[in-house]
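A short write-up of the structure that comes next.
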Protein chains: 2
Amino acid sequence: MADMALYLLDERGLPDLTMRHLATALGVQPSALYWHFPNKQALLAAVSERILAPVGEVTVENLSVPAAVLVVGARMHASLLAHRDASELVSSSLALGLVDSPVRLPLLTVGRAQGVPDTLSEVAAEAVMHFVVGFTFHEQQRLVADALGLLETDEISSGHDTFTDALTMIAQGLAASLDRHQGPPAPTGESQAP
Amino acid sequence: MADMALYLLDERGLPDLTMRHLATALGVQPSALYWHFPNKQALLAAVSERILAPVGEVTVENLSVPAAVLVVGARMHASLLAHRDASELVSSSLALGLVDSPVRLPLLTVGRAQGVPDTLSEVAAEAVMHFVVGFTFHEQQRLVADALGLLETDEISSGHDTFTDALTMIAQGLAASLDRHQGPPAPTGESQAP
DNA sequence: ACCTGAACACCGTTCAAGT
DNA sequence: ACCTGAACACCGTTCAAGT
């Protein structure tokens, strides 16, 4: 049933993923859906969980925390791109707290294995999650606009991988925070001009 | 008219900001709105622009780029928190490309004044924008859940300012990228470590 | 130039009743 | 346990027609 919803999402997009369309796709009356889910948001949360499942399966065992940020972030990016309108859907499920952040647990785990304070891992997890969802949302919306031919051709793809660059920037920021908190004296270029 | 919509947003929230409600608030038929705006998305984009206006007015003239990231990010955060459901609304207008990123121009400008390559400023702008919108979205949704009393009391406010911490992390990542790109010494910063 | 009236083609959700 | 039928209270958008 959530599987049918995911199929419908890929086939028709989020705006057409209505309770009524889902019902007819299942050969059932719309009201029947409310025996299985209390409301549409709960149904969408179940779909979000399926979309994000691959992120939880990633192994980051013996990576540094910044490296884990890169790996988990990339995996989440890929998982969102794998389904139509996934970032918009997941974004709202995540914001409503109906689904857990898929990057939180992995980052917390590797962090602990290396003596990183939980609060720092949590902060990193928030930054990564929000960045990935937001960036991919923007990215998927551009795909739609592109398909409709509403975009200047030179803004479609610069060839340059902005996603990885920005994610790397976040990972570097985390590395700097780690140095501050424990390791060797490696001060960061916190430049300030008058 | 967009002002009335903003007022209605604050008073009743995004789900109740319908063309029909807006029309009756203006003492007019719903169809009348379509003489002024081609559709609801365009109307919402106009509201988004009003919400984001304060971000463009910030002065970052003689700040380093990482410092500007902090200032502009904080300003955007504040602007979104100033109106009910603003982050959700702005998020979609931004994603649809109906409104410009309010952090892009300021960061590009300070970056140029200090010889930072545009591509790097663009990456920083993307990371900041997505993080701020995503984080604030999550934050505002928690406010709603809190108001409905659906949250464990210990997850409501940890007292600790996660937003600033994560934003600082991004700024540090940018500082690290800058060091890489143009050698150790920033014009006024004190950063050095082998 | 600006708005009305009326319609079109939809939504999510509830709930008694059926099997 | 699972579903139907029918209704309720809405949506955004279009368009001829009015002033």
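Computed from a prediction, not measured in an experiment: that's the story for all the values here. A, B, ... follow the sequence lines: proteins, then strands. Residue 1 opens every chain.
Every residue two or more places apart in sequence or in another chain was checked for a ring pair (Phe, Tyr, Trp, His ring centres under 6.0 Å) with A:Phe137, and none qualifies. Remark: B:Asp16 engages B:Arg12, B:His21 in a side-chain contact (heavy atoms from CB on, under 4.5 Å) (not counting sequence neighbours).
B:Asp10 places a side-chain N or O within 3.5 Å of a backbone atom of B:Arg84 that can act as its donor or acceptor partner. For B:Gln140 (side chain) and A:Ala95 (main-chain N/O), no donor-acceptor pair under 3.5 Å exists by modelled atom type.
Comparing the C1' positions of D:dC11 and C:dC8 gives a spacing of 12 Å, expressed to the nearest Å. One C1' atom belongs to C:dC2, the other to D:dA17, and the distance between them is 13 Å to the nearest Å. Spacing of C1' atoms, D:dA9 relative to C:dC10, comes out at 13 Å, to the nearest Å.
In this structure, B:Ser93 OG and B:Asp100 CG are separated by 11.5 Å, a value rounded to the nearest 0.5 Å. Atom CZ of B:Arg180 is separated from atom CG of B:Leu120 by 10.0 Å, given to the nearest 0.5 angstrom.
For the pair B:Leu8 and B:Ala25, the tightest heavy-atom approach, listed with the atom from each and the gap, is CD1-CB, 4.0 Å. For the residue pair A:Val132 and A:Thr136, the shortest heavy atom distance occurs at O-OG1, 2.6 Å.
Counting only Watson-Crick or G-U wobble pairs whose defining distances are both under 3.5 Å, the stems of 3 or more consecutive pairs in DNA chain C are C:4-8 with D:12-16, C:12-16 with D:4-8.
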Give the table of side-chain donor-acceptor pairs shorter than 3.5 Å for residues 165-174 of chain A, with sequence neighbours excluded, one pair per line with atom names and distance.
residue, atom, partner, partner atom, Å
A:Asp165, OD2, A:His160, NE2, 2.9
A:Thr168, OG1, A:Thr164, O, 2.6
A:Gln172, OE1, B:Ser177, OG, 3.1

Can you list, pair by pair, the side-chain donor-acceptor contacts under 3.5 Å of residues 65-82 of chain A, counting residues two or more places apart and other chains?
residue, atom, partner, partner atom, Å
A:Arg75, NH2, A:Pro54, O, 3.4
A:His77, NE2, A:Glu139, OE1, 2.7
A:Ser79, OG, A:Arg75, O, 2.9

Which atom pairs, one a donor and one an acceptor, fall under 3.5 Å between side chains of residues 26-45 of chain A and the rest of the protein, sequence neighbours left out?
residue, atom, partner, partner atom, Å
A:Asn39, OD1, A:Gln41, N, 3.3
A:Asn39, OD1, A:Ala42, N, 3.1
A:Lys40, NZ, A:Leu17, O, 3.2

Compile the donor-acceptor pairs under 3.5 Å between side chains in residues 101-109 of chain A and protein atoms, sequence neighbours left out, one pair per line.
residue, atom, partner, partner atom, Å
A:Ser101, OG, A:Val103, N, 3.4
A:Ser101, OG, A:Arg104, N, 3.4
A:Arg104, NH1, A:Glu122, OE1, 3.0
A:Arg104, NH1, A:Glu122, OE2, 2.9
A:Thr109, OG1, A:Leu105, O, 2.6

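Counting only residues at least two apart or in different chains, ring pair (Phe, Tyr, Trp, His ring centres under 6.0 Å) contacts with residues 94-135 of chain A comprise A:His130-B:Phe135, A:His130-B:His138, A:Phe131-A:Phe135, A:Phe131-A:Phe163, A:Phe135-A:Phe163, A:Phe135-B:His130.
Against DNA chain C, the stretch residues 84-94 of chain B makes no heavy-atom approach under 4.0 Å. For the segment residues 39-47 of chain B, the set of residues with a heavy atom within less than 4.0 Å of an atom of DNA chain D comprises B:Asn39, B:Lys40, in numerical order. Less than 4.0 Å separates DNA chain D from no heavy atom of any residue of residues 2-21 of chain A.
Reading DNA chain D from its 5' end, the first and the last nucleotide to sit under 4.0 Å from a heavy atom of chain B are D:dC11 to D:dC15.
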